[in-house]
Amino acid sequence: MLTVLLVPGALAGSLFVAVDPETLIDVDRSGNWGRLFPAAEGWDFFFASGGDYQHVPLDDAFVPDLARLTRLTGRADLVDHAITRCPDGTWLHVASSTVNLLDDSATAFRYDAALALTASAALYTAEPQQVHRDMPVVCVEGFSATGFFDPDNYVSFRLVELGADAAAVRVVEPEDAPIVTGSSLFSDGATVGIASFRGNAGDLLHVTEYSLPDLAVVDRHLQNVSVAGETAYWSQGLARVGNRYVLAHMARDPDAGFAAQDGDLWLSVFNLDWRRLEQIQLSHNTPPNGGMQPWLALRDDTLVVTYTRELQTYVYAVTVDRVEAGLDPAPEDTAAPVDTSTDTATDTSGDDTAAPVEAPDPGSTCGCGGSAAWLLATLSLVRRRR
């Protein structure tokens, strides 16, 4: 299959240039919670299998070196996972497990740059009311955290700040937060934000940003992401690409007959004020089988976007326009000057016959200045297929 070219070279305005075909990351076993990170050579790939979280290096074509596969914790009872690389090259990992009820416990782990375990701490054990599945994690200079959902006590986001020993150093319930389950956390060191769909209030994307370290609300955004006939959900992949935010999420026609929470993989692009600029659908699955657990990472001019389908991880390589994103300066105009020294005019006009591309509907937006309390009882999307 050939790479799909999305944007003619002369057309400005789109972040996306091309999308490579869907590729299976073949680790020779079933697994989920696939997460990719750029490495010095190739990619670092993490996936859940056998009750542990596992790591294997991939080459640039996403082929794993299975001779170098390692298990990270030595445990066999872990269920859901979140992992991120910290600024110093070390790693922070949070996972759920079961004592009495499914996902009633959570543990944090820290690894050095070579992925050797350096610390671990139980965050919650046999806690019956709190939901520990599908958690996000963030690690920046001076701040590391994860978050959990407590529907019985109407707590949509219980933030747990983590120390160098992986243990909790404080627990906070930030104001005006969306449901943390299935969300993304992001931070620039001065603020921390959460991007999540609003659960049973609809499929609007809710982004709230808080100051550090006091976690006071500094900004909030509410944005329509779904296209007609589709419901967007599960915003687990997020990257800042220059002057854009790119969000990997799922969407589906709720009447199409997808199993459980399965659907298709999408990318939505926002400016730094969280106004949607464009979006593309990557996968085109046939119900009842779809995918879940989206993720993305950026290296150079390539976004790698992954998701899990039928206990396998699939990846799309998406080429981005670094100039459009503001990552590189625009090239200087090197066209030859017109010679006007004679009476004969030189025709320098080109024949640009590229068909125009219709700009996507940016969707409705809401600048939400009020501070509405978000008390939620039940979230149907929390119950995902195992």
Side-chain angles (χ1 to χ4, degrees), residues 27 29-37 44-56 69-86 90-139 144-150 157-169 171 179-185 194 196 234 236-237 261 292-295 297 306-308 311 313 382-386:
V27 293
R29 68 208 68 198
S30 62
N32 55 9
W33 291 108
R35 299 298 186 237
L36 266 177
F37 295 85
D44 286 307
F45 178 57
F46 301 86
F47 67 99
S49 185
D52 202 350
Y53 213 35
Q54 306 194 32
H55 168 266
V56 65
L69 187 147
T70 57
R71 299 172 67 96
L72 296 183
T73 72
R75 292 177 55 165
D77 63 337
L78 302 179
V79 184
D80 287 14
H81 301 267
I83 192 167
T84 190
R85 182 189 278 125
C86 300
T90 62
W91 299 86
L92 175 62
H93 169 211
V94 179
S96 68
S97 58
T98 298
V99 176
N100 299 318
L101 301 172
L102 181 63
D103 291 317
D104 62 3
S105 305
T107 306
F109 306 87
R110 286 193 182 270
Y111 311 96
D112 65 16
L115 287 167
L117 182 65
T118 59
S120 65
L123 304 180
Y124 294 93
T125 301
E127 172 54 61
Q129 294 178 309
Q130 191 162 260
V131 175
H132 301 107
R133 63 182 69 104
D134 302 293
M135 73 293 286
V137 66
V138 64
C139 184
S144 301
T146 185
F148 304 107
F149 173 41
D150 183 351
F157 178 22
R158 181 168 285 132
L159 182 145
V160 181
E161 186 175 355
L162 304 172
D165 60 354
V169 295
V171 177
I179 296 172
V180 71
T181 302
S183 68
S184 290
L185 289 175
I194 177 173
S196 177
W234 232 245
Q236 285 186 319
Q261 291 177 304
M292 198 42 174
Q293 299 168 355
W295 182 255
T306 67
Y307 78 136
T308 301
L311 293 178
T313 300
V382 169
R383 302 187 185 93
R384 65 173 178 79
R385 179 170 61 89
R386 297 289 167 187

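What you see below is based on every heavy atom in this structure, not just the backbone, and it leaves out hydrogens, waters and symmetry mates.
Judged by distance alone, the side chain of Ser105 and the main-chain N or O of Thr98 form no donor-acceptor pair under 3.5 Å. Side-chain atoms of Ser184 come within 3.5 Å of backbone atoms of Gln236 as a donor-acceptor pair (strictly under, hydrogens ignored). Although no hydrogens or angles enter the test, the distance criterion places a donor-acceptor pair under 3.5 Å between the side chain of Thr146 and the main chain of Pro136. In this structure, the side chain of Trp295 engages the main chain of Leu36 through a donor-acceptor pair within 3.5 Å. No donor-acceptor pair under 3.5 Å is formed between the side chain of Thr306 and the backbone N or O of Arg35. Between the side chain of Ser183 and the backbone N or O of Ile194, no donor-acceptor pair lies under 3.5 Å. No side-chain donor-acceptor contact under 3.5 Å links Asp134 to the backbone of Thr181. Between the side chain of Gln54 and the backbone N or O of Leu69 there is no donor-acceptor pair closer than 3.5 Å. Gln293 places a side-chain N or O within donor-acceptor distance of the main-chain N or O of Trp33, the cut-off being under 3.5 Å.
Nearest approach of Thr84 to Val138, heavy atoms of both residues: CG2-C, 4.2 Å. Annotation for Gly50 and Arg71: closest pair O-NH2, 3.3 Å, computed over non-hydrogen atoms. In plain terms, the two heavy atoms of His132 and Ala106 that are nearest each other are CD2-CB, 3.9 Å. Nearest heavy-atom pair across Ala168 and Leu123 is N-CD2, 4.0 Å. Minimum interatomic distance between Gly34 and Phe45 (heavy atoms only, all atoms of both residues): CA-CE1, 3.7 Å. Across every non-hydrogen atom of Met135 and Phe148, the tightest pair is CB-CE2, 4.0 Å.
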Q: I would like to know whether Asp103 and Ser96 meet side chain to side chain donor-acceptor pair (under 3.5 Å); could you show each step before the answer?
A: CA-CA 5 Å; Asp103 291 317; Ser96 68; 2.6 Å; yes
**Q.** Arg110/Cys139 under side chain to side chain contact (heavy atoms under 4.5 Å, CB included): CA gap, chis, key distance, verdict
**A.** CA-CA 11 Å; Arg110 286 193 182 270; Cys139 184; 4.2 Å; yes
**Q.** Intermediate values then yes/no, side chain to side chain contact (heavy atoms under 4.5 Å, CB included), Thr73 and Thr107
**A.** CA-CA 11 Å; Thr73 72; Thr107 306; over 6 Å; no
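Residues Phe157 and Leu185 are in side-chain contact: their nearest non-hydrogen atoms beyond the backbone lie under 4.5 Å apart. With a 4.5 Å cut-off on side-chain heavy atoms, Arg133 and Val79 do not count as touching. Leu72 places none of its side-chain heavy atoms less than 4.5 Å from the side chain of Phe109. Within the 4.5 Å cutoff, the side chain of Val180 has no heavy atoms near those of the Arg158 side chain. Looking at heavy atoms from C-beta onward, Val56 lies in side-chain contact with Phe47 at the 4.5 angstrom threshold.
A distance of 3.5 Å separates CG of Asp44 from NE2 of His55, quoted to the nearest 0.5 Å. Between atom CH2 of residue Trp234 and atom OG of residue Ser196 there is a gap of 8.0 Å, rounded to the nearest 0.5 Å. Atom CG of residue Leu102 and atom OG of residue Ser97 lie 10.0 Å apart, to the nearest 0.5 angstrom. Rounding to the nearest 0.5 Å places CG of Asp150 at 12.0 Å from CD1 of Ile179. Asp52 contributes atom CG, which lies 9.0 Å from atom OG1 of Thr70 (distance to the nearest 0.5 angstrom). Atom CH2 of residue Trp91 and atom CG of residue Asp112 lie 11.5 Å apart, to the nearest 0.5 angstrom.
Taking the six-membered ring for Trp and the full ring otherwise, the centers of Phe46 and His81 sit at least 6.0 Å from each other.
Between His93 and Tyr111, the angle of the ring planes stays under 30°, which puts this pair in the parallel group of the 30/60° scheme.
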